[in-house]
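Worksheet: one structure, shown below.
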There are 2 protein chains.
Amino acid sequence: MSIRDLASHLNISIGTVSRALNGRSDVNAETRRRVLEAAAELGYVPNQSGRSLRQGTTNAIGFMVETNSETGTHGDSFFSSIYVGVQKEFAAHHLDLVVLLCPSDDDPYDYLRRVVARRFVDGLFISAIQRHDPRIDFLIEREIPFIALGRSLSGGSHPWIDLDFEGVATKAVNRLVARGHRRIGLVTPGTELNLGYVFADAYRAALSANGLAYDPGLLVRSEQTSEEGGYHAADALLALDQRPTAMLLVNEIMAIGVYRRLHEAGLTPGRDMAVIGLRHSPQARFLSPALTCFDISLIDLGRRLAQGLLASMPAYRDSQPFGLVQEVWPMELVAGESDPPPR
Amino acid sequence: MSIRDLASHLNISIGTVSRALNGRSDVNAETRRRVLEAAAELGYVPNQSGRSLRQGTTNAIGFMVETNSETGTHGDSFFSSIYVGVQKEFAAHHLDLVVLLCPSDDDPYDYLRRVVARRFVDGLFISAIQRHDPRIDFLIEREIPFIALGRSLSGGSHPWIDLDFEGVATKAVNRLVARGHRRIGLVTPGTELNLGYVFADAYRAALSANGLAYDPGLLVRSEQTSEEGGYHAADALLALDQRPTAMLLVNEIMAIGVYRRLHEAGLTPGRDMAVIGLRHSPQARFLSPALTCFDISLIDLGRRLAQGLLASMPAYRDSQPFGLVQEVWPMELVAGESDPPPR
DNA sequence: CAGCGCACCGAAAACGTTTGCGATGCAGCA
DNA sequence: TGCTGCATCGCAAACGTTTTCGGTGCGCTG
């Protein structure tokens, strides 16, 4: 059931059929009606490979995420919700979302180059942005549409959306200081992810704005951002001569490990230690005491990412009222019971 | 940089280049070496569209999952780990995994038909298998390779892997009965998902094997399998004249809601009520008291699914030592502190 | 030397689609 | 009538690849 079958069934040329199906203006209204009717009747659907070959476009968009081969998660379900938002935005454009899982033992840059070389996707979402991320320059140079989930120091102007770490640090520190805290620890990723640097800078600025000195010992860079990572980060903070009375975490998964370590030290989280985190997954509501955290509307973030990508793709730019998307994503503080005043 | 450029650069025909790249035997060893060298040097990578068009194959495999548009999750990170396992198995075959998110307001059968019609994938994983699932007959009839994550009553022999609900029900009920429980509630999905029926049958069989009568009131079918669903299921069980002393849940997300409802009723989970669940996500370790649950090695399950699919695809069958995969996936009980004897 | 088989390679068709170009017919206008 | 312009459509090329078919040259055998 190709376009040829459809044409011979209607006794017209394949060119006319193609034009009718694609809504071109130079085809008679009655002819178009007959074509669409026959297509529906015979169950004709265009072959994507043929179309891609001719147009040089695949109608597929890749979302590149990095895999943790050991735990088997990629982003702790962080991305699942983002996908949904992207999909919602893509539905109207007949675009397919292709999740590209870069294995952790593979170099993200090499992986990306292979994907691009295969011409498998028309555009890309990239995440886990490094401080100096070669993928960005590569994509800009090749003129491949993309949007980054996260900022980078890499040169060139390109679309990106990042979480509002400045806002988080400011609100969290202000809140803790208002409650009487003076020694506030921060746990960020210890990898070359740029967000660790951004978060740390925002944290230092927030401390300074509150007239507090920055103590390097209170900044823990954790290789893992998992429960294990949280455990060890709490361990490091508790080992200090002058312990902090509050901890600010980059996600809420680490809070599980922090709670565990606190309990082992005979401390009760939310009483002997204040904890604030960022919420990545809806399942975070379990923690007891309830974690005070910053809520991310991930579906909306996904939608916005999709809009930003479409706006940078010539074929879809007209459908988007936006220009170059470069913005931070605001987050709302959800008060829990984990950050009381110090004892 | 097409195969034509490569050929003219080497002063040989494109056919020879293609044969050399694809490892055909009818090409001189020296010629092959030169071709591979030039391909690497010039950075040539075959165009997937051209290849797909000629061969009628796309090198892409779809994984169809259903989306919950409200919460934004699809399977509570259940699938994230499965993807990783699939990807591990696919890596050697140069297959791409395409995640196909069926919106919740779309009919899965219609969605599947559109995907198939577009010839976008060579094979499919389907999940969320209904009791009578029209997708299965459709795929069998069209001779499209697939494997189902879940059993179904739909006719025809096809590859599938399902969780070992019989084993779960037997072990859980035996364990609870051995500890003195006599009234054990079961919470299963209230939708047409087949797993709800399978689990309920296994539960009844396990009760019977222990000489216990089946009380229909103790079987709660919950529309939602989320935290909310768990809350309401616990609500229903607590409203009974004769309350159960233990609850068996279909996943651990519901346990969050169950715990909450128990606390509201002045009951302490793991003391006034025994709770056992299935573990879908590694983050489940947070619950306090620790949930006694059945652990699923999701990465391995993903690998096995991929093997089962490959074994059913003519192009890859030879690489797999397996035949038709139809099996249940064993799960190990991880003892927590949530299922003590009744008070 | 004739004949045969084999290794290797080039030519060309085919996959299904889109699109530029030209052809046709017809209405409108001078 | 003759010319122009427009609406509509057919023809054919092109996208990049794989694969069949046939051809060439060589070595070997009888």
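Letters A, B, ... are given to chains in the order of the sequence lines, protein chains preceding strands, and every chain is numbered from 1.
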Distance test, side-chain N/O of [X] to OP1/OP2 of [N], below 4.0 Å:
{"X": "A:N22", "N": "C:dT18", "answer": "yes"}
{"X": "B:R51", "N": "D:dT18", "answer": "yes"}
{"X": "B:S49", "N": "D:dG16", "answer": "no"}
{"X": "A:Q55", "N": "D:dA14", "answer": "no"}
{"X": "B:S13", "N": "C:dG10", "answer": "yes"}
{"X": "B:N47", "N": "D:dC15", "answer": "no"}
{"X": "A:S18", "N": "C:dT18", "answer": "yes"}

Indicate yes or no: does A:D26 engage A:R24 in a salt bridge with an N to O separation below 4.0 Å.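 Judged by the 4.0 Å cut-off on N to carboxylate O distance, A:D26 and A:R24 do not form a salt bridge.
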Nearest to the side chain of A:R24, which nucleotide is it out of D:dT17, C:dC9, C:dT19?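 Within the option list, the nearest is C:dT19.
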If you look at every strand shown and take non-hydrogen atoms under 4.0 Å, does [X] touch a base, only sugar-phosphate, or nothing?
{"X": "A:I12", "result": "sugar-phosphate"}
{"X": "A:T31", "result": "sugar-phosphate"}
{"X": "A:S2", "result": "sugar-phosphate"}

Looking at the rings of A:F63 and A:F79, which for Trp means the six-membered one, are their centres under 6.0 Å apart?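 Centroid separation for A:F63 and A:F79: below 6.0 Å.
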Start at the 5' end of DNA chain C and walk down; is the nucleotide closest to B:D26 or to B:R54 reached first?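 Looking at the nearest nucleotide for each, B:D26 comes out on the 5' side.
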